[in-house]
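A short worksheet on the structure shown next.
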Amino acid sequence: MWAVSEPNDAVALGVHQGFGRRFETRLITRSRRTLHRMNALSAVLSNVVAGAGRLRSNSAAIEPGDWFIATGADDKVAAHVAESIRRGARGVLVDCPTLPPHDLVHQLPGLRESLGAVMAQLTHHASREMTLVGVTGTNGKTSTVQLLAQAWERLGVVGATIGTLGAGLHNDLEPTGLTTPPVVELHGYLADFHHDRASCVAIEVSSHALEQGRVEGCEFRVVAISNITRDHLDYHHTMHRYAAAKNRILQLPGVTTAVLNLDDPLVAQMQPPPGTTRIGVSTRDATGALVTAHDIAADDAGTRFTLRIGDESAPVATGLSGRFQVDNLTLAAGILHAQGHAVDEIAAALSASVPVAGRMQVTPATPSRPRVVIDYAHTPDALSQAVAACRPHGDGRLIVVFGCTGNRDRGKRPLMAAATGGADFIILTDDDTHDEDGDAIIVETIPGFANPETVVIIRDRRRAVLIAIHMAHPQDVVLIAGKGHETTQSSAGHLIPSDDTRYAERALSTRPLRPPG
Ligand SMILES: CC(=O)N[C@H]1[C@@H](OP(=O)(O)OP(=O)(O)OC[C@H]2O[C@@H](n3ccc(=O)[nH]c3=O)[C@H](O)[C@@H]2O)O[C@H](CO)[C@@H](O)[C@@H]1O[C@H](C)C(=O)N[C@@H](C)C(=O)N[C@H](CCC(=O)O)C(=O)O
Ligand SMILES: Nc1ncnc2c1ncn2[C@@H]1O[C@H](COP(=O)(O)OP(=O)(O)OP(=O)(O)O)[C@@H](O)[C@H]1O
């Protein structure tokens, strides 16, 4: 068993300048007084992890030499610990008195509750050294965060992002598997970014993350909320509790400014704590908004609007498609304003925005091919917005391919069907079925269709995309919704390759020259 010592004058602290990619250890000498002021748990942990190795909170991700921080439920922790040791863990930190003693296992009472603070300390409060921006909302987190990172780059800021597309410096993302990573890994990424000289980090903060404390120990400067519409009620149970989870982002320590989309009724009601500046944004003339969009116009080439901040305004012209992207751009403008940028530089930076992977990703129409749009819409609101965004394009039909996710919020299935109300023809297919029976998901979706005679069922997603694109006339628009950038489908415990972009490319390249009439 390791001897866990009391704080010494000289403590070897693991400086996590890369849990994933790099790891360096430095000897840091601290005075006894400073050390005594440190959280005792953190000091113990620092001693224990002195040396090398990454910190990981998932036993399945352990590689030889890593430290495993076991935070699972007491009844599962023994199995996780055993797995981590099998995989070569250098040591295990845990707070589970019922676990049998083991040479590599260190019991740290209070570990679970203090993990965010401990990680912050171990990473020398990397989040304080950078401007952290947290974005939450049902839809638009990824889009806003990525559009913001693009704007930062144009403004000469070294930015990093964490979210559904992965974590990393802008345009250099590695997958994390979750929108907001667990607290241990999240702090590791922040330490990496600081080491890589990022000055700003935009983080998608999911409602799950806010409930589960995944951002504890992070100090956000600016937070933003895009919208709150139905999703994740399998987890939060009621919209009230879902909104309350989102509201937690306003209470995070260090927040100086909250940017709120006043067009959303639930967000408009939210009040940050006293002392936090509240910046309202609106693209629909909401009362009290400081950052607003006007004269919105769209065509096949993109979207234009006038950005106004207080009394000043500047034109924004982007190649992005979709009315909701104006909402996301305006929210990003609110964040940039909170960071002190002037309206004309914000408008110029946002005007150069390029589409975010899998979000209204358009292959334009040609005289022989329809316009094809791939979009990540997987909530009722997102799907109805994606349908509305596609409707004005093309003179023909709007054909929609979509499915509903298994093991998640069953109640939203018929609402997803209803959200396709603006389409002319629908192919209902599989999304991630996870552990559910795909036919049963279809059966629960169908009652929501207003015009079932316009719906066909083709569960094989590749075939569904192929048929949608092959049946379309050049003047039609095909919207393939739900999977966006993803390249796999989860089915019966397996991840099977599935890539809407490749399916669409293949279908376009094999399309008969004259589609059936
Ligand atoms: C419902 C939910 O959010 N569950 C999350 C929660 O799981 P949990 O509390 O049940 O804990 P658990 O899975 O038993 O794991 C507990 C601990 O044991 C560890 N573990 C677990 C299994 C194992 O084999 N070995 C092991 O060490 C885990 O890494 C974790 O540290 O805490 C875990 C650690 O943080 C998360 O991985 C897990 O996310 C699951 C996989 C998940 O699918 N979450 C989704 C719903 C989610 O969080 N989505 C949001 C985005 C939502 C959006 O679209 O907006 C996200 O932020 O990604
Ligand atoms: N501001 C918005 N309002 C409504 N719908 C939106 C908005 N922005 C994006 N969408 C829709 O939601 C889909 C997902 O967008 P995005 O990935 O930006 O959201 P997200 O909040 O990160 O979603 P998730 O958490 O599920 O990854 C888009 O493909 C689009 O259909």
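This structure is a prediction, so every number in the text was calculated from the model and none was measured. Side-chain atoms are counted along with the backbone in the values below, which use heavy atoms only and exclude waters and symmetry mates. Indexing begins at 1, ligand by ligand and atom by atom, following the structure's order.
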Nearest to [atom] by heavy atom, [options]: which?
| atom | options | result |
| --- | --- | --- |
| atom 31 (O) of ligand 1 | Ser57, Gly213, Ser59 | Ser57 |
| atom 26 (O) of ligand 2 | His485, His378, Lys483 | His378 |
| atom 2 (C) of ligand 2 | Thr379, Asp327, Asn227 | Asn227 |
| atom 43 (O) of ligand 1 | Arg408, His378, Arg214 | Arg408 |

If the threshold is 4.0 Å, N to carboxylate O, is there a salt bridge linking [X] and [Y]?
| X | Y | answer |
| --- | --- | --- |
| Arg90 | Asp66 | no |
| Lys483 | Asp499 | no |
| Arg408 | Asp231 | no |
| Arg371 | Asp476 | no |

For [atom], what is the closest protein heavy atom, and at what distance to 0.1 Å?
| atom | answer |
| --- | --- |
| atom 5 (N) of ligand 2 | Asn139 CB, 3.4 Å |
| atom 53 (C) of ligand 1 | His232 NE2, 3.2 Å |
| atom 58 (O) of ligand 1 | Thr179 N, 2.6 Å |
| atom 18 (O) of ligand 2 | Ser143 OG, 2.6 Å |
| atom 7 (C) of ligand 2 | Phe324 CD1, 3.6 Å |
| atom 11 (C) of ligand 2 | Ala382 CB, 3.4 Å |
| atom 2 (C) of ligand 1 | Gln212 NE2, 3.3 Å |
| atom 57 (O) of ligand 1 | Ser206 OG, 2.6 Å |
| atom 20 (N) of ligand 1 | His80 CE1, 3.4 Å |
| atom 14 (C) of ligand 2 | Tyr376 CD2, 3.9 Å |
| atom 46 (C) of ligand 1 | His208 NE2, 3.5 Å |
| atom 8 (N) of ligand 2 | Asn328 ND2, 2.9 Å |

Does only the side chain of Gln325 get under 4.0 Å from ligand 2, or the backbone, or both, or neither? Count heavy atoms.
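It is neither; nothing of Gln325 touches ligand 2.
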
Below 3.5 angstrom, do we get any N/O pair linking [X] and ligand 2?
| X | value |
| --- | --- |
| Thr179 | no |
| Asp381 | no |
| Lys141 | yes |
| Thr142 | yes |
| Gly140 | yes |

Between [X] (side chain only) and [Y] (backbone N and O only), is there a donor and an acceptor less than 3.5 Å apart?
| X | Y | answer |
| --- | --- | --- |
| Thr180 | Ser206 | yes |
| Gln361 | Gly358 | yes |
| Arg413 | Glu444 | no |

Numbering as shown, the atoms of ligand 2 that approach Glu204 to under 4.0 Å (heavy-atom distance):
22 (O)

Number the atoms of ligand 2 from 1 as they appear, then name those within less than 4.0 Å of a heavy atom of Thr164, with their elements.
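Going through ligand 2 atom by atom, the ones under 4.0 Å from Thr164 are 27 (O).
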
Atom of [X], atom of [Y] and distance for their closest heavy-atom approach:
| X | Y | result |
| --- | --- | --- |
| Ala419 | Val387 | O-CG2, 3.9 Å |
| Thr445 | Ala417 | O-CB, 3.3 Å |
| Cys218 | Leu186 | SG-CD2, 3.8 Å |
| Arg214 | Leu178 | NH1-CD1, 3.8 Å |

Ligand 1 atoms in contact with [X] (distance to a heavy atom under 4.0 Å):
| X | answer |
| --- | --- |
| Leu178 | 37 (O), 39 (O), 42 (C), 44 (N), 47 (C), 48 (O), 58 (O) |
| Gly72 | 16 (C), 17 (C), 18 (O) |
| Lys141 | 55 (O) |
| Phe68 | 27 (O) |
| Pro182 | 35 (O) |
| Lys76 | 14 (O) |

Are the side chains of [X] and [Y] in touch, meaning some heavy atoms are under 4.5 Å apart?
| X | Y | result |
| --- | --- | --- |
| Leu307 | Ile346 | yes |
| Ile228 | Met270 | yes |
| Asn227 | Asn139 | yes |
| Thr238 | Tyr242 | no |

Is the distance between the ring centroids of His378 and Tyr376 under 6.0 Å?
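Yes; His378 has its ring centre under 6.0 Å from that of Tyr376.
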
For Tyr235 and His208, I'd like to know if the aromatic rings sit close, meaning centre-to-centre distance below 6.0 Å.
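Ring centres of His208 and Tyr235 closer than 6.0 Å.
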
Using non-hydrogen atoms of the residue, decide whether Met360 is closer than 4.0 angstrom to ligand 2.
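False for this residue.
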
So is Asp231 close enough to ligand 2, meaning a heavy atom under 4.0 angstrom away?
no

Heavy-atom protein neighbour under 4.0 angstrom from [atom]:
| atom | value |
| --- | --- |
| atom 33 (C) of ligand 1 | no |
| atom 48 (O) of ligand 1 | yes |
| atom 15 (O) of ligand 1 | no |
| atom 12 (P) of ligand 1 | no |
| atom 8 (P) of ligand 1 | no |

Against the six-membered ring of Phe68, is Arg56 placed for a cation-pi contact (under 6.0 Å from the centre, within 45° of the normal)?
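Checked: cation-pi criterion not met.
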
CG on Asp409 to CG on Leu233, rounded to 0.5 Å:
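One finds 4.5 Å between CG of Leu233 and CG of Asp409.
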
Does either side chain, that of Thr306 or that of Asp295, offer a donor lying less than 3.5 Å from an acceptor on the other one?
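Yes, Asp295 and Thr306 have a side-chain donor paired with an acceptor closer than 3.5 Å.
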
